[in-house]
Amino acid sequence: MTVRVRFAPSPTGYLHVGGARTALFNWLWARHNGGTFILRIEDTDLERSTDASTDQILDSLKWLGLDWDEGPFFQSKRGDVYRAHLQKLADEGKIYRAFETHEELEAAREKAQAEGRDWVYNRASLRLTPEEVQEKIRAGVPFVWRLKVPDGQTRILETLMTGPANNVFENSTLGDFALTRAGTEDNWGDALFNFCCAVDDAVMGITNVIRGSDHITNTARQTLILNALGYPSPTYTHLPLITKEGKKMSKRDGDADPRFPVSVSARRDRGYLKETVINFLALLGWSWDGQQEIFTVEELVKKFSVNALSKSNANFDEQKFLHMNSLYLKQLGPEVIAERVLPFLEQAGLRLGGSKDQAWLARAVAPELERCKLLTDFPEALRYYFEAPTTYEPKAVEKACSAPETGDILREVAEALKGVGTITQESFEATINSVATPRGLGFGKVAQPVRIALTGRGASPGLTEVIENLGVEESVSRILACADWLVIHR
RNA sequence: GUCGGGUUCGUCUAGCCUGGUCCAGGACGCCGCCCUUUCACGGCGGUAACACGGGUUCAAAUCCCGUACCCGAUACCA
């Protein structure tokens, strides 16, 4: 049987890392099996669903490269399908109208809770005579459709969260749950999540539902619906939850801490690479051999299996995430990163132009690959290429430029540098040594003030690269400027 | 409360199904050392864990029972 899986987000917010991971696992399982990945938007809750959310979810999926084969299908546009299935169940007497008000039920539930009892619907409306029902319908009393849940147990087809209970639910604990919102005979209420979901999974031929384990009890209800409808049940794989500091990571947490946003789009804006997000998310509840942690998407497709999933909650380790991003920065290389860094530079007001073209940027980015961890680190790391330093890092100056002759040294270096045609490792070292050696100084004693002069900082990549990317002329002028600055400020 | 799941280094985890090769492996972090014109990168080394209590067995991280703790679900939301 060919595998058909789906990702079915509700558009009540952005795509968060948990949802992205669910999407990823479904996508991987489809690709691994040469199956079909379907996208379905569960927007039956019109109150909370927004088009903006849908757009952002699709956008994030595209960014991650999780392409879908069918859809997106919108449940809000499939009312006829649900209505037809409801009608069938009504004709067969498997569902019934329940006329209690929301308030009545709420009160009953609270009472039960206060008494420490479990609450399930008491079937009051099921005991109404046909005449009483007709009477209420005529009077226009609003009702919801409830499933007449049979006695006995419901066994769900679970592949992962299997335990001693073997996923058998006592139907009595589920009660006759509601299938629709409140409506009238002329205008039935809209079908609710569980009903739409079960119907769509069946109609769309879903073979394996992969979703968060917070859906387990829904699975029992959906299985009951499927049984009533006479549809076969897909198998279910309930993923362990993603936690952060022990608590379920949900979009309700928002992007409260800007350093650790929960949405995929904010991670992207924060400078995380899509390769990192995919790889890191894959490891949240799945592992290969316990040794390998870096996987290309192709490898993931090949190696991923729902059978290798973990049952315990996966904790989101920010430090490791960040580390993985720095790994990918290096792995992707200067050309790719230069391209991706561009929007971040522009956002920081740093624009290419003149001799600073894309190729130049790749050269400038290359040595920074080892010190930056996020794309957003690059604007600051590269800023000195775009703007000559106007101030120098005080600590670095103190450490390297405290000797009174530093200004003279810099002027000598500038002079020597003028004669250098093209800068190479050798010519640079010769230049520095031509100043250092006569004075009996070590290489670093001269090189470090030069670094500060050029970049304003005590830390940067190799000076040869810096001068190469800056140009000799610009370098000379910066060194002289720093010498002057030292005279005034020391 | 009830139902379901979980519990291995500071952190993320492998191993558990199919007991022995595990005085428990990898990674992040941290700490040393090396490299080095600084920072970083890299290389080498180190640190550190089977929740607790019983049981089964020649042998248990692995199987069974109990306890504790954590997480989730308990809607006319999805």
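Only heavy atoms go into these numbers, but all of them, side chains included; no hydrogens, no water, no symmetry mates. Numbered from 1 within each chain, the chains take letters A, B, ... in sequence-line order.
- Atom C1' of B:U8 sits at a distance of 11 Å from the matching atom of B:U62, rounded to the whole Å.
- Regarding A:Glu370, its CD atom lies at a distance of 9 Å from the P atom of B:C41, rounded to whole Å.
- Within the 4.0 Å cut-off from OP1 or OP2 of B:G6, at least one side-chain nitrogen or oxygen of A:Lys311 is found.
- As judged by a 4.0 angstrom heavy-atom cut-off over every strand, A:Ser460 is placed among the base-contacting residues.
- Across all strands shown, B:C58 forms a Watson-Crick or G-U wobble pair, both distances under 3.5 Å, with B:G20.
- Between the side chain of A:Arg451 and the base of B:U37 there is at least one donor-acceptor pair of N/O atoms closer than 3.5 Å.
- Taking OG from A:Ser326 and CG from A:Leu273, the interatomic distance works out to 10.0 Å, rounded to the nearest 0.5 Å.
- Side-chain contact annotation: A:Thr219 with A:Glu158, donor-acceptor N/O pair under 3.5 Å absent.
- For the pair A:Ser287 and B:A14, the criterion of a side-chain N or O lying under 4.0 Å from OP1 or OP2 is met.
- In this structure, B:G66 and B:C52 make a Watson-Crick or G-U wobble pair, each of the two defining distances being under 3.5 angstrom.
- When the C1' atom is used for both B:U7 and B:A51, the distance is 6 Å, rounded to whole Å.
- Straight-line distance between the C1' atoms of B:C30 and B:U11: roughly 11 Å, to the nearest whole Å.
- Counting only heavy atoms from C-beta on, A:Lys330 has its side chain closest to B:C41 among B:C41, B:U37, B:A78.
- Using a 4.0 Å heavy-atom cutoff across all strands shown, A:Gln425 reaches at least one base atom of the nucleic acid.
- The pairing partner recorded for B:A73 is B:U2, the criterion being a Watson-Crick or G-U wobble arrangement whose two distances lie under 3.5 angstrom.
- Distance noted for atom P between B:G25 and B:A48: 12 Å (whole Å).
- The same atom, P, is picked in B:G15 and in B:C9; the two are 16 Å apart, to the nearest Å.
- Counting non-hydrogen atoms under 4.0 angstrom, A:Ala314 reaches the backbone sugars and phosphates but no base.
- A close approach under 4.0 Å does occur between a side-chain nitrogen or oxygen of A:Asn315 and OP1 or OP2 of B:C12.
- For B:G45, the paired nucleotide is B:C31, the pair qualifying as Watson-Crick or G-U wobble because both relevant distances are below 3.5 Å.
- Looking only at atom types and distance, the side chain of A:Glu275 has no donor-acceptor partner in the side chain of A:Gln331 under 3.5 Å away.
- Among the heavy atoms of the strands lying under 4.0 Å from A:Gln319 are primed sugar atoms or P, OP1, OP2 only; no base atom is included.
- OP1 or OP2 of B:C76 has at least one side-chain nitrogen or oxygen of A:Arg109 nearer than 4.0 Å.
- A:His238 comes within 4.0 angstrom of nothing in the nucleic acid, heavy atoms only.
- Residues A:Leu283 and A:Glu429 each lie close to RNA chain B; by heavy-atom proximity, the contact nearer the 5' end of the strand is made by A:Leu283.
- A donor atom on one side chain and an acceptor atom on the other are found under 3.5 Å apart for A:Asp200 and A:Gln75.
- Backbone-only engagement by A:Thr217 is indicated by non-hydrogen atom pairs under 4.0 Å involving sugar-phosphate atoms exclusively.
- Contact between the side-chain N/O atoms of A:Arg146 and the OP1/OP2 oxygens of B:C76 is found at a separation under 4.0 Å.
- With hydrogens and angles left out, the side chain of A:Lys320 and the base of B:C12 share a donor-acceptor pair within 3.5 Å.
- What separates NE2 of A:His215 from C1' of B:U74 is a distance of 14 Å, to the nearest Å.
- Looking at A:Val5 and A:Ile38, their side chains never come closer than 4.5 Å, going by heavy atoms from C-beta outward.
- Using atom P as the reference point in both B:G32 and B:A68, the two lie 44 Å apart (nearest Å).
- Defined by atom type and a distance below 3.5 Å, a donor-acceptor pair is present between the side-chain atoms of A:Thr159 and A:Thr237.
- Candidate nucleotides B:A73, B:G29, B:U38 were compared by shortest atom distance to the side chain of A:Ala459, and B:U38 ranks first.
- In summary, of the residues considered (A:Ser233, A:Pro234, A:Cys197), a side chain to side chain contact (heavy atoms under 4.5 Å, CB included) with A:Val209 occurs for A:Pro234 alone.
- For the residue pair A:Asn208 / A:Tyr236, no side-chain donor-acceptor distance below 3.5 Å is found, with atom types taken as modelled.
- Separating the CG atom of A:Leu241 from the P atom of B:G5 is a distance of 15 Å, rounded to the nearest angstrom.
- A sub-4.0 Å separation between OP1 or OP2 of B:A78 and a side-chain N or O of A:Ser49 is absent.
- Ring-centre distance between A:His323 and A:Tyr328: not below the 6.0 Å cut-off.
- Residues of residues 180-196 of chain A that place a heavy atom closer than 4.0 Å to RNA chain B, in numerical order, are A:Thr180, A:Arg181, A:Ala182, A:Leu192, A:Phe193.
- Residue A:Gly444 is in sugar-phosphate contact alone, with no base atom involved, counting any heavy-atom pair closer than 4.0 Å across all strands shown.
- Taking the P atoms as reference points, B:U21 lies 40 Å from B:U2, given to the whole Å.
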